There are 2 protein chains.
Amino acid sequence: MEPLLQESTPSIIAERVRQAIAKGDLPPGSQLGEAELAREFGVSRGPLREGLQRLTAEGLLISIRNRGLFVIEMTADRVRDMYVARQAVERAAAEQIHLGDDATAAGRQLLDVVEEMAEAKTVRDVGELDITFHDRLVTLAGSPRLSRMHLTLLTETQICIRALEPTYALEDVRVEEHREIAQSFIAGKRALTDRLLVAHMKDAVRRLTRG
Amino acid sequence: MEPLLQESTPSIIAERVRQAIAKGDLPPGSQLGEAELAREFGVSRGPLREGLQRLTAEGLLISIRNRGLFVIEMTADRVRDMYVARQAVERAAAEQIHLGDDATAAGRQLLDVVEEMAEAKTVRDVGELDITFHDRLVTLAGSPRLSRMHLTLLTETQICIRALEPTYALEDVRVEEHREIAQSFIAGKRALTDRLLVAHMKDAVRRLTRG
DNA sequence: TCCGGTAACATTGTCGACATTCTACTGATC
DNA sequence: GATCAGTAGAATGTCGACAATGTTACCGGA
């Protein structure tokens, strides 16, 4: 029997606000009114502020003293830095998968996501499955710390994707890059996975900072 | 002119508590009494709890609902996971330094730390300079996100070092490993740095999980 | 027209108090 | 003697109110 752990109110609030940021309901640069948010969640400002502190510590919210909290705006510099960090995490995750028991099974799980992506009909769906792919990649590594760090980075990625969604087209290349990565796990080619990941990240940065 | 940003009270509190954890003033597994801590810092429980939420989000504190907050205990599993994450961050940092303007200057700054380490006379001083070395390594990469992620990991490392300090001896090998890494930057040998870092991490895990 | 000052407003930062929950001790029963 | 119900105490979780700060609109003077 493992001890059951109940989530604290601040952590629930943090996740809800994180989703709102990721979905674009709280657009980049917008201010978060404490009183209003507290009303919406049906709690007082105390627990709400505690929840927002978490996101501030992650860098998702910017705090300006006596002024308030603002959703981070992903400038070109920040996008580049985010991908440096994402590359660090995902390369390490990939390595852990290859070192683990069953890299083939992991690769197959990733392929499932790729197949869904291939069948997706809207740019938005492709974007969401893109996130799902990378989330699962890191989850499969089984490292709590890599997962925690990655959560922040994926949220920032979603902000970027959401911002540039209208300019995207339904490109096969986006699906194929992911397919190659998944297959490299099944093939057990560790060095190949690494190269593909690096190339994938480089592509993404170029797409996102070009605009 | 860059906008001057004042630290918020919760963030100051978080840093103070983090230092207390790193120094061992708050030992692993111990409970943090909110009322007592608030008295010590001269604030009410509100801002204090907000500060502690940050550390909880980082995983440095474990929250058990209606019971309180406890300093994380570094089990063998957690030590291994921590080093997976540290390796991810520091390898990426090293790569960024090599890709940057002046890897040689960076290497020399790291060598300064190594020289201090060579002259240190107590195990405690060596341990602190060990932390300084890795902190500077990531700082020199100039990536805010890598630095933020690393901060948590270094604090956990300090918990481990502090716990095993009595069993350590003044070994030259610990200094020499760092020296080699620093020199590899000056020599501009990117692949060598990477190999040395991986080996260094592997050594550390073995030392820490052996006990 | 533009600049400086002022006052009202809105928002954040902080605090003290109450409600709820858990822990530990006591005492009764089998 | 062991187990369990009951209770007192202490700690956390939550809230509403006050204080401090920043913003904005308005007004007067150069």
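The analysis underlying the following values was restricted to heavy atoms, covering all of them including side chains, and did not include hydrogens, waters or symmetry mates. Naming convention: chains lettered A, B, ... in sequence-line order (proteins, then strands); numbering from 1 in each chain. Small disclaimer: the values here were computed from a predicted structure and weren't measured.
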Study note, to complete from the structure: Separation of dT20(C) atom P from Gln6(A) atom CD, nearest Å, is 16 Å
Check your understanding: For every nucleotide of nucleotides 12-17 of chain D, 5' to 3': is a protein heavy atom under 4.0 Å from its base (B), only from its sugar-phosphate (S), or from neither (-)?
Key -> BBBB-B
Point to revise | For Arg145(B), salt bridge (Lys or Arg N to Asp or Glu O under 4.0 Å) partners two or more places apart | key: Asp81(A), Glu156(A)
Review point. Ion pair present between Arg65(A) and Glu7(B), side-chain N to carboxylate O less than 4.0 angstrom?
Key: no
Check your understanding: Can you check the Phe70(B) CZ to dA11(D) P distance for me, whole Å?
Key -> 12 Å
Study note, to complete from the structure: Residue pairs passing the salt bridge (Lys or Arg N to Asp or Glu O under 4.0 Å) test with at least one member in residues 19-38 of chain B, sequence neighbours excluded, are Glu34(B)-Arg45(B), Glu34(B)-Arg49(B)
**Study point:** Residues forming a salt bridge (Lys or Arg N to Asp or Glu O under 4.0 Å) with Arg190(B), sequence neighbours excluded
**Key:** Glu95(B)
Review point. Can you list every pair that meets side chain to side chain donor-acceptor pair (under 3.5 Å) and has a residue in residues 106-115 of chain B, with sequence neighbours left out?
Key: Glu115(B)-Arg179(B)
Donor-acceptor pairs under 3.5 Å, side chain of residues 67-77 of chain B to any protein atom, not counting sequence neighbours: which ones?
from: Thr75(B); atom 1: OG1; to: Arg78(B); atom 2: N; distance (Å): 3.3
from: Asp77(B); atom 1: OD1; to: Arg80(B); atom 2: NH2; distance (Å): 2.9

Exercise for review: Just jot down the ring-ring contact (aromatic ring centres under 6.0 Å, His included) partners of Phe185(B), sequence neighbours excluded, or say none.
Suggested key: His98(B)
Exercise for review: Give DNA chain D the dot-bracket treatment, 5' to 3': Watson-Crick (N1-N3 with N6-O4 or O6-N4) or G-U (N1-O2, O6-N3) under 3.5 Å, [ ] crossing, | other strand.
Suggested key: ||||||||||||||||||||||||||||||
Review point. Between dA11(D) atom C1' and Leu52(B) atom CG, what is the distance in whole Å?
Key: 14 Å
Practice item. Could you pull out all residues at least two apart from His178(B) that satisfy ring-ring contact (aromatic ring centres under 6.0 Å, His included)? Key: Phe133(B), His134(B), His200(B)
